[in-house]
Amino acid sequence: MQRLLPRRAALCLALVLTLAAPHAMSDSPPTATAIDDPFLWLEEVQGEKALNWVRERNAQSQKELTARPEYAPIRSQVLDVLNSKDRIPYVSRRGDWLYNLWQDETHKRGLWRRTTLAEYRKREPAWETLIDLDALGKAEGENWVWGGANCFGPQYRRCLVSLSRGGADAKVVREFDAVDKRFINDGFVLPEAKSSISWIDENTVYVATDVGPGSMTDSGYPRVIKRWKRGTPLAEAVTVFEAEKQDVAAGVSVDRTPDFPRTLFVRSLDFYRAEHFLLEGDKLVKMDLPLDASPAFMRDTLLITLRSDWKLGETTFPAGSLLHTDAAAYLKGERKLRALFTPTATRSLSGYTTTRDHVIVDVLDNVASKLEQWHKRGGEFAFSEIKAPFPGTLGVSGLHDELIKDDPLANQYLMTYTDFLTPDSLFLATAGSDKRELLKSRKPMFDAGGMRVEQRFAVSKDGTRVPYFVVWPRGAKADGKNPTLLYGYGGFEVSLNPWYSGGIGRSWYERGGVYVVANIRGGGEFGPAWHQASLKDKRQRSFDDFIAVAEDLIAQKVTSPRHLGIQGGSNGGLLVGAVFTQRPELFNAVVCQVPLLDMRRFNQLLAGASWMAEYGNPDKPEEWAYISTYSPYHQVRKDAAYPRVLFTTSTRDDRVHPAHARKMVARMLALGHDPLYYENIEGGHGGAADNEQRAHLQALEFSYLWQQLGR
């Protein structure tokens, strides 16, 4: 699950902390000052003492859960889903080729491969393998996990390939020849670090990486951007841009569109605010934009997404709007902006993509997707709706390559559709019409006959109506006895739209489980305001919303506390951690995945400092005063009757520190509770590095859930 950093990749350094002497545990809530922490030694990620503790906990949990009768069949069923040959091989376009990373039982780490559109249209395309990750790892004695590739167009022969050890965010970068299918010995190479690298021309790149003391921000992101010439040492690269140490990161994007080349540098002040600078000749010119606005260029058009209201003259554009203007005129100081999308109480901007002549807007209407399109003619945009499947989740991705003259795919895009009971479908769509071609569709991975989905609303503590989805298995009745799993996230403006999961279908629906997804505040389901309603000192609203959904499920006899479990990962791990410590009587199971839990030290661990715009700064007494009221690590008490909790994390998660889960378990054990714990030695923030690891982890989780919630 990769939820915590939806907008910017987490680039952070592991902190190795000194050991602290243990002392008697207190079951009293913390004060506004820092409490003594007897488990700091568990923050030493690769420390021998810490890893021995991890192995001991893993052995105990796996012994118990793998012995459950559900474990073996669920693992087999989930692995079958993950390795299924009819999965849609989702692609990205580079010139004449469509690229894909494919993992199955033979290729556990994956094949980076490509094919043509003509081949892709076939039931069984002919793929050309560029890199076999399993063979590469074996040859080099490394546990490589794919980290992506940045190829130089329009030939797309030279590629900057990123490889991660065990799934961590830190990656090695190596230049690769996509024609000769080999790494270039004297090409661009970066050692393992949290880096970003962008092509300027075939022999020059912008690079942001760890180049020594002072080159990284407090959040662990690169602070310095350098221009690096082929054949020269990185140490001789010229610094061209710098952020401040207290900022989140420095970034750069290079747009090589003919007649409209642009280089945009970004100084991320925090997770939501940034300054943007255009390179004009040798000078950087700051763009006049709200700090929380997001700009993008479509040749001669500037598109701006707003996260707060923006008043220009007599007009106020509301937060969540998508605006357009003539780019050249705007950069000269003119402010003639118009809206392509304006939000309402129920409609929000989920995203957009562009073709050569169109902007395709993905709209959420009461958490169901709709598509709208704007056709650009001259300087004007003409509106029309797109007839697409509804209700469910739509996705769009433009195919136009600006570097290809007379591009045959200039006004085409990829469209996906899915919902909880409908497998994914992938279409090739034509902008300006409702014409589309079904390219791929997934076979059903479970029998959905007799199942149904409904949307309901709960009323939160402050009167806010909170939507949630209920997926009913066949034959289920509202008798209060249904094993029910409630999932939530509620942060970073991430929306939880309906999705199809063969693993959940086989492990939960088909076995009689009810699945519930809560669209609580903190997410993006109703635009920036829905997210901002739970920022910092308002965080309790997210927890209240989740609790309200749980109470509504019980009141409506969908389930009962004996049969109700909750699950969340990353920021969602914080959610379920806070909720089970506040209202333990509501639940009988908690799956807390790669979580944030120690909110006193989160900003000192890995990428945590970058999330203070979301949670606040615990080093400030006035902000720790409200953070301390929900920090799960500090709110857990000896005399409370908690449900038995399963915590999962990964040693290689260098985004959310594994010590959050480690220390929470250690503290609960010291207070006399009996949690379960599993830490995958690989996997990064997603918790697993290949399909076998994913299947094992999910089988452990569902075996635990059936143990706790079964009839």
Side-chain angles (χ1 to χ4, degrees), residues 93 95 117 153-154 253 255-262 264 278 287-289 293-306 310 312-318 320-344 347-365 369-388 390 394-416 427-437:
R93 183 195 180 195
L117 178 58
S253 63
D255 183 349
R256 297 174 50 243
T257 299
D259 300 323
F260 300 101
R262 297 184 181 93
L264 185 66
L278 274 172
M287 295 183 67
D288 184 13
L289 289 168
S294 299
F297 291 95
M298 179 185 175
R299 298 193 311 284
D300 60 348
T301 300
L302 174 61
L303 300 169
I304 303 172
T305 306
L306 300 182
W310 191 16
L312 289 173
E314 299 301 315
T315 303
T316 298
F317 296 103
S321 297
L322 175 62
L323 312 180
H324 76 93
T325 188
D326 179 87
Y330 187 91
L331 296 173
K332 291 178 181 177
E334 296 182 20
R335 295 295 180 266
K336 297 179 180 178
L337 290 101
R338 297 183 182 180
L340 292 180
F341 175 81
T342 302
T344 68
R347 287 166 50 89
S348 64
L349 178 66
S350 180
Y352 69 90
T353 193
T354 61
T355 70
R356 184 186 63 197
D357 302 312
H358 298 78
V359 179
I360 312 296
V361 181
D362 188 353
V363 178
L364 273 187
D365 191 345
S369 294
K370 294 181 177 179
L371 297 182
E372 300 174 350
Q373 59 189 342
W374 292 84
H375 183 191
K376 186 178 182 186
R377 297 185 180 93
E380 299 299 323
F381 282 87
F383 171 83
S384 61
E385 292 184 352
I386 298 175
K387 295 179 181 178
F390 182 87
L394 294 161
V396 290
S397 177
L399 287 173
H400 178 42
D401 189 333
E402 292 281 9
L403 300 180
I404 297 177
K405 186 177 181 181
D406 301 322
D407 182 10
L409 301 179
N411 282 307
Q412 293 187 290
Y413 61 96
L414 296 176
M415 186 189 85
T416 59
F427 301 86
L428 178 63
T430 301
S433 73
D434 292 320
K435 179 182 177 181
R436 55 181 169 266
E437 168 193 354

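Hydrogens, waters and symmetry mates are skipped; everything else that's a heavy atom, side chains included, is used.
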* Any side-chain heavy-atom pair from Pro318 and Thr342 closer than 4.5 angstrom? -> yes
* Asked: Please walk me through it: do Ser369 and Val363 pass side-chain contact (heavy atoms from CB on, under 4.5 Å)?
  -> CA-CA 6 Å; Ser369 294; Val363 178; over 6 Å; no
* Step by step, would you call Arg299 with Asp357 a salt bridge (charged side-chain N to carboxylate O under 4.0 Å, His left out)? -> CA-CA 10 Å; Arg299 298 193 311 284; Asp357 302 312; 3.8 Å; yes
* Could you check if a side-chain atom of Arg93 sits within less than 4.5 angstrom of a side-chain atom of Leu409, using non-hydrogen atoms only? => yes
* **Name of the residue among Leu323, Leu289, Leu349 meeting side chain to side chain contact (heavy atoms under 4.5 Å, CB included) with Leu306** => Leu323
* Asked: Only one of Thr355, Thr354, Asp300 clears side chain to side chain donor-acceptor pair (under 3.5 Å) with Lys376; which?
  -> Asp300
* Asked: Among Gln373, His375, Glu372, which one satisfies side chain to side chain contact (heavy atoms under 4.5 Å, CB included) with Ser384?
  -> Gln373
* Asked: Got Leu399 and Asp407 here, is their nearest side-chain heavy-atom distance under 4.5 Å?
  -> no
* Asked: Excluding sequence neighbours, so at least two apart, what forms ring pair (Phe, Tyr, Trp, His ring centres under 6.0 Å) with Phe381?
  -> His324
* Quick one: closest heavy-atom pair of Tyr330 and Leu302, and the distance? => CD2-CD2, 3.6 Å
* Asked: So which heavy atom on Ala382 is nearest to which on Arg377, and how close?
  -> CB-NH1, 3.5 Å
* Test item: Asp255 and Leu264 side chains (from C-beta on) under 4.5 Å apart, heavy atoms -> no
* Does Met415 reach the side chain of Ile360, with side-chain heavy atoms less than 4.5 Å apart? -> no
* Asked: Is it true that a side-chain atom of Asp362 and a backbone atom of Ser350 form a donor plus acceptor pair closer than 3.5 Å?
  -> no
